[in-house]
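Quick note on labels: first sequence line is chain A, next is B, and so on, each numbered from 1. Computed from a prediction, not measured in an experiment: that's the story for all the values here.
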Protein chains: 2
Amino acid sequence: MKNQFDYIDQQILLKLRSDARKAYSQIAEELKVSNSLIHQRVKKLTETGVIKKADLILDEKKLGYNTKAYVGIRLKEARFATKVVEKLREIKEVTECNYVSGKYAIFALVYAKDNDHLRSVLYDQIHEVDGVGGTDSFICFTTNFDRSVPVVIS
Amino acid sequence: MKNQFDYIDQQILLKLRSDARKAYSQIAEELKVSNSLIHQRVKKLTETGVIKKADLILDEKKLGYNTKAYVGIRLKEARFATKVVEKLREIKEVTECNYVSGKYAIFALVYAKDNDHLRSVLYDQIHEVDGVGGTDSFICFTTNFDRSVPVVIS
DNA sequence: GCTGAAACAAGTAGTGT
DNA sequence: ACACTACTTGTTTCAGC
């Protein structure tokens, strides 16, 4: 598998990333190639796993989530890691979970309705998980930007 | 603006979130409502800003980004914040940037080709920004999960 | 606020170069 | 690897309930 894409691939990815519902026929027209070529390329990009899915980006605040916080989680012992991740997965407010280097074993992203809801998720749910030693929270005041990686690496 | 959606709205959001290119006519069929109702609802959800966009989720590793790190940024003085954010925005490897509570002023997400590229972004770019006092990096070894918030809050 | 129908546009699959 | 054609399916709009 090579990780370089030709001009057509790049343009398809760029155009679909700005609007995943854009008609393939319109992309074809813009790139001055046939309709079916776009279908073939998208199919290939999907089959090779470059395109994972076409997702809908919703406004979390309009859904009622007014608080967002990054949470660093320490473990009592490293061997608890797998089980802790499985428990975190069951907490719907935890949307992201990574093993990381540094002073935390796990780094998670948590969305909550308000500060009280966040407190509840942290202390009634995360702290109750067997093996969790402690947490540090970084509450987001403002999200300045949130975007995707460039398709082509500079 | 109310933040509660009826069954149709919820189902549309759920179905489009699992596949943003799903045909509206198919959603209509599944929900046993008319084709045009789905269009009307999606239009309204988009106009009110609940739906921000239909995006394409790509596999970062297949694009060549093998390193992902959360970076906590300290500032020399709080007044540098706005300017630092604008400089970070120019660094394409920085995909997310938030003002946060706690020991860091800014919390960012950085994607890089490899560890050497990450080092370069951190020390040749972020540390060179005027006002940045220091950084702590949490390098992701594994992303266990990364998902969206539930449409309906439990 | 929702449906239905009709005109139009896009997606799909097969064929050929 | 790409284009062309014919066919199927989805989208859009608007009159009417």
Side-chain angles (χ1 to χ4, degrees), chain A residues 1-64 148-153, chain B residues 1-65 148 150-153:
Chain A
M1 178 214 329
K2 62 176 179 196
N3 57 12
Q4 194 68 327
F5 307 105
D6 75 0
Y7 179 74
I8 304 273
D9 288 327
Q10 288 176 27
Q11 288 300 311
I12 291 173
L13 293 176
L14 284 173
K15 286 170 191 290
L16 286 180
R17 228 171 38 176
S18 67
D19 175 14
R21 280 192 79 89
K22 185 164 194 168
Y24 294 167
S25 57
Q26 200 185 328
I27 296 173
E29 200 177 301
E30 288 169 14
L31 298 180
K32 295 185 171 60
V33 292
S34 77
N35 194 326
S36 30
L37 181 56
I38 307 296
H39 283 266
Q40 284 177 33
R41 294 298 186 97
V42 171
K43 194 170 170 238
K44 198 171 205 173
L45 287 165
T46 306
E47 281 168 358
T48 56
V50 175
I51 295 175
K52 284 159 86 174
K53 68 180 292 197
D55 199 1
L56 215 59
I57 309 297
L58 305 181
D59 186 321
E60 288 91 2
K61 290 199 174 165
K62 295 207 167 128
L63 290 180
S148 307
V149 289
V151 172
V152 270
I153 305 183
Chain B
M1 178 213 329
K2 61 177 181 194
N3 57 10
Q4 194 69 327
F5 307 104
D6 75 1
Y7 179 74
I8 303 274
D9 288 328
Q10 287 177 26
Q11 288 299 311
I12 290 173
L13 293 175
L14 284 173
K15 286 170 192 289
L16 286 180
R17 229 170 39 175
S18 67
D19 176 14
R21 281 191 77 90
K22 185 162 195 169
Y24 294 168
S25 56
Q26 200 185 327
I27 296 173
E29 200 177 302
E30 288 170 13
L31 298 181
K32 296 186 171 58
V33 292
S34 76
N35 194 328
S36 26
L37 180 57
I38 307 296
H39 283 265
Q40 287 175 29
R41 294 297 188 96
V42 170
K43 193 168 171 244
K44 197 171 205 174
L45 288 165
T46 306
E47 281 168 0
T48 55
V50 176
I51 295 176
K52 284 159 85 174
K53 68 180 293 199
D55 199 0
L56 214 60
I57 308 297
L58 306 180
D59 186 321
E60 288 91 2
K61 291 199 172 164
K62 296 211 165 122
L63 290 179
Y65 298 93
S148 308
V151 171
V152 270
I153 305 184

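Side-chain contact between B:Ile153 and A:Leu63 is absent, with no heavy-atom pair separated by less than 4.5 Å.
A donor-acceptor pair is defined here as one N or O able to donate and one able to accept, closer than 3.5 Å; no such pair exists between the side chain of B:Lys22 and the backbone of B:Lys15. B:Glu60 places no side-chain N or O within donor-acceptor distance of the main-chain N or O of B:Tyr65, the cut-off being under 3.5 Å.
Distance A:Asn35 CG to D:dA1 C1': 16 Å, rounded to the nearest Å. Between B:Gln26 atom CD and C:dT12 atom C1' the separation is 15 Å, expressed in whole Å. For B:Ile38 and D:dT11, the CD1 to P distance is 11 Å, given to the nearest whole Å. B:Glu29 places its CD atom 12 Å from the P atom of D:dT11, with the value rounded to the nearest Å. For the pair B:Leu16 CG and D:dG10 C1', the computed distance is 14 Å after rounding to whole Å. Following rounding to the nearest Å, A:His39 (NE2) and D:dT8 (P) show an atom-to-atom distance of 17 Å. Between the P atom of C:dA10 and the NZ atom of A:Lys22 lies a distance of 11 Å, rounded to the nearest Å. Rounded to a whole Å, the CD atom of A:Glu30 is 11 Å from the P atom of C:dA10.
As judged by a 4.0 angstrom heavy-atom cut-off over every strand, A:Lys44 is placed among residues touching the sugar-phosphate backbone only. Contacts of B:Ser36 with the nucleic acid, taken as non-hydrogen atoms under 4.0 Å apart, include base atoms.
Relative to the side chain of B:Ala23, the nucleotides C:dA10, D:dG10, D:dA3 differ in distance, and D:dG10 lies closest. Considering only the side chain of A:Tyr24, C:dG11 comes nearest among C:dC2, D:dC14, C:dG11. The nucleotide whose nearest atom lies closest to any side-chain atom of B:Ser34 is, among C:dT3, C:dG11, D:dG10, C:dT3.
Distances shorter than 4.0 Å separate none of the side-chain N or O atoms of A:Arg41 from OP1 or OP2 on D:dA1. Note on B:Ser25: a side-chain N or O is less than 4.0 Å away from OP1 or OP2 of D:dT11. For D:dT11, one of the phosphate oxygens OP1 or OP2 lies less than 4.0 angstrom from a side-chain nitrogen or oxygen of A:Arg21.
Look at B:Lys53 and A:Asp59 and you find no salt bridge, because none of the NZ, NE, NH1 or NH2 atoms lies under 4.0 Å from a carboxylate O. A salt bridge is defined here as a Lys NZ or Arg NE, NH1 or NH2 lying under 4.0 Å from an Asp or Glu carboxylate O, and A:Asp55 with B:Arg21 fails to meet this definition.
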